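Quick caveat, the model's predicted, so the values are computed rather than measured. In this chain, residues are counted from 1 in sequence order.
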Amino acid sequence: ARSAKDLHERMKAAGGRLVTLEAKLDGLLRVRTENMKELRRYLRVVIDELHLVLPPMDPRWELFGLNRPGSKETPDVPENVAVAIIENKRGNVTWPRSARAEYYRVWVRIEGVDTEPRAIGSPSDLDFMLEELPATGEMDVFISAINSGGESALSAPVRIVLALLA
């Protein structure tokens with residue numbers, strides 16, 4: 001069995017090693033911080049040079065891992081999508097304006113037919129008419145918003161249940 005004095009000496013030695021390692025860690029963190037500052041300065045020079053030779057929407061910006069400076073932020077995902085069925089043959093899809101959207105894309109997924117949503121239209125206004133709906137079945141409708149910065153994710157699906165009118 002170890003004596004209390006032996007354990008005390010070992011703890012004291014471990015504490016000394018801990019202080020030494022913490023000092024080394026502090027030094028390494030300072031070196032890392034300085035290296036990061038230098039790297040940022042170099043990257044800033046590269047980006048400034050790219051601004052001189054590449055147009056703001058040139059796709060080569062992305063080859064450098066950078067966003068195109070001329071592109072807008074991707075629009076918000078459309079919310080509160082609604083579908084009103086008209087005579088069981090058509091559906092009027094409506095949604096409120098999505099921030100930063102220039103136009104929209106309407107997507108559908110017919111249960112038992114489509115495995116993934118498929119695009120069926122790209123209106124610039126806030127509604128779209130679904131034509132020639134299937135006589136029966138279920139269908140999901142989605143909306144995405146688009147601008148020069150890209151396309152939003154799809155909205156939450158709106159499920160339509162279709163049945164023949166008697």
Side-chain angles (χ1 to χ4, degrees), residues 25 28-166:
L25 180 60
L28 291 171
L29 288 173
R30 274 193 300 279
V31 168
R32 183 186 78 167
T33 300
E34 288 305 313
N35 287 340
M36 288 297 292
K37 285 180 184 176
E38 187 175 356
L39 177 61
R40 282 189 185 102
R41 282 192 298 271
Y42 287 135
L43 286 174
R44 176 53 36 209
V45 170
V46 169
I47 291 169
D48 290 344
E49 291 282 328
L50 288 173
H51 276 287
L52 296 174
V53 296
L54 294 179
M57 291 303 293
D58 193 306
R60 290 177 290 179
W61 282 98
E62 294 168 3
L63 296 175
F64 290 93
L66 302 169
N67 294 328
R68 298 178 194 184
S71 68
K72 298 176 182 176
E73 187 177 338
T74 303
D76 289 349
V77 175
E79 297 180 348
N80 301 317
V81 177
V83 180
I85 301 299
I86 303 168
E87 298 174 356
N88 215 40
K89 295 178 185 169
R90 297 182 298 162
N92 187 37
V93 185
T94 58
W95 59 93
R97 183 164 303 286
S98 185
R100 297 176 302 282
E102 293 173 3
Y103 64 99
Y104 301 88
R105 188 166 287 143
V106 179
W107 301 78
V108 296
R109 179 178 55 216
I110 299 174
E111 190 73 32
V113 175
D114 302 315
T115 56
E116 297 291 325
R118 60 185 167 85
I120 61 167
S122 297
S124 57
D125 49 359
L126 301 174
D127 67 336
F128 185 82
M129 187 63 69
L130 299 171
E131 302 285 346
E132 300 177 16
L133 294 176
T136 60
E138 295 184 10
M139 180 168 121
D140 292 324
V141 178
F142 311 83
I143 305 295
S144 61
I146 304 169
N147 68 15
S148 64
E151 185 169 1
S152 73
L154 298 182
S155 67
V158 175
R159 173 70 44 130
I160 303 171
V161 179
L162 303 162
L164 285 174
L165 292 176

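Side chains of V106 and I143 form a contact here, defined as non-hydrogen atoms less than 4.5 Å apart. Between H51 and W61 the shortest side-chain heavy-atom distance falls below 4.5 Å. Residues R32 and N35 fail the side-chain proximity criterion, which asks for heavy atoms closer than 4.5 Å. I120 has its side chain within reach of L130: a pair of non-hydrogen atoms, C-beta onward, lies under 4.5 Å apart. A 4.5 Å side-chain heavy-atom check between D140 and V108 finds every atom pair outside the cut-off. With a 4.5 Å cut-off on side-chain heavy atoms, P157 and V141 do not count as touching. Looking at V83 and I85, their side chains come closer than 4.5 Å, going by heavy atoms from C-beta outward.
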Assess the residue pair E111 and R159 against the criterion (salt bridge (Lys or Arg N to Asp or Glu O under 4.0 Å)); give the C-alpha distance rounded to whole Å, side-chain angles, the decisive distance to 0.1 Å, and a yes or no. CA-CA 10 Å; E111 190 73 32; R159 173 70 44 130; 3.2 Å; yes
E116 and R109: CA distance, side-chain angles, deciding distance, salt bridge (Lys or Arg N to Asp or Glu O under 4.0 Å) verdict: CA-CA 6 Å; E116 297 291 325; R109 179 178 55 216; 5.7 Å; no
Passes side chain to side chain contact (heavy atoms under 4.5 Å, CB included), D127 versus V93? Steps please. CA-CA 5 Å; D127 67 336; V93 185; over 6 Å; no
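With rounding to the nearest 0.5 Å, the separation of CG in L126 from OG1 in T94 is 9.0 Å. Here T33 contributes atom OG1 and E38 contributes atom CD; the two are 13.0 Å apart, rounded to the nearest 0.5 Å. Residue R105 holds its CZ atom at 3.5 Å from CD1 of I146, rounded to the nearest 0.5 Å. Distance check, rounded to the nearest 0.5 Å: CG of L43 to CG of L39 gives 4.5 Å. For the atom pair N147 CG and Y103 OH, the distance stands at 9.0 Å (nearest 0.5 Å). In this structure, CD in E131 is found 8.5 Å from CD1 in I86, a value given to the nearest 0.5 Å.
Contact record, Y104 with R97: OH-CA, 3.5 Å, taken as the closest heavy-atom pair. Contact record, S124 with E102: CB-O, 4.2 Å, taken as the closest heavy-atom pair. M139 and P134 get closest at one heavy-atom pair: SD-CD, 4.3 Å. Of all the heavy atoms in G150 and P75, the pair that sits closest is O-CD, 3.5 Å. Counting all heavy atoms, side chain and backbone alike, A153 lies closest to P78 at O-CD, 4.3 Å. Heavy-atom minimum distance, F142 versus P117: CE1-CG, 3.7 Å.
Contact check on R90 versus E132 returns no salt bridge, with no Lys/Arg side-chain nitrogen under 4.0 Å from an Asp/Glu carboxylate oxygen. Look at R100 and D76 and you find a salt bridge, because one of the NZ, NE, NH1 or NH2 atoms lies within 4.0 Å of a carboxylate O, short of that distance.
Annotation: side-chain hydrogen bond (donor to acceptor under 3.5 Å, both in side chains) contacts of R118 (sequence neighbours excluded): D114.
Between the side chains of W95 and S155, not a single donor N or O lies within less than 3.5 Å of an accepting N or O.
Surrounding CD of E62 are more than 12 heavy atoms belonging to other residues, nucleotides or ligands, all under 6.0 Å away.
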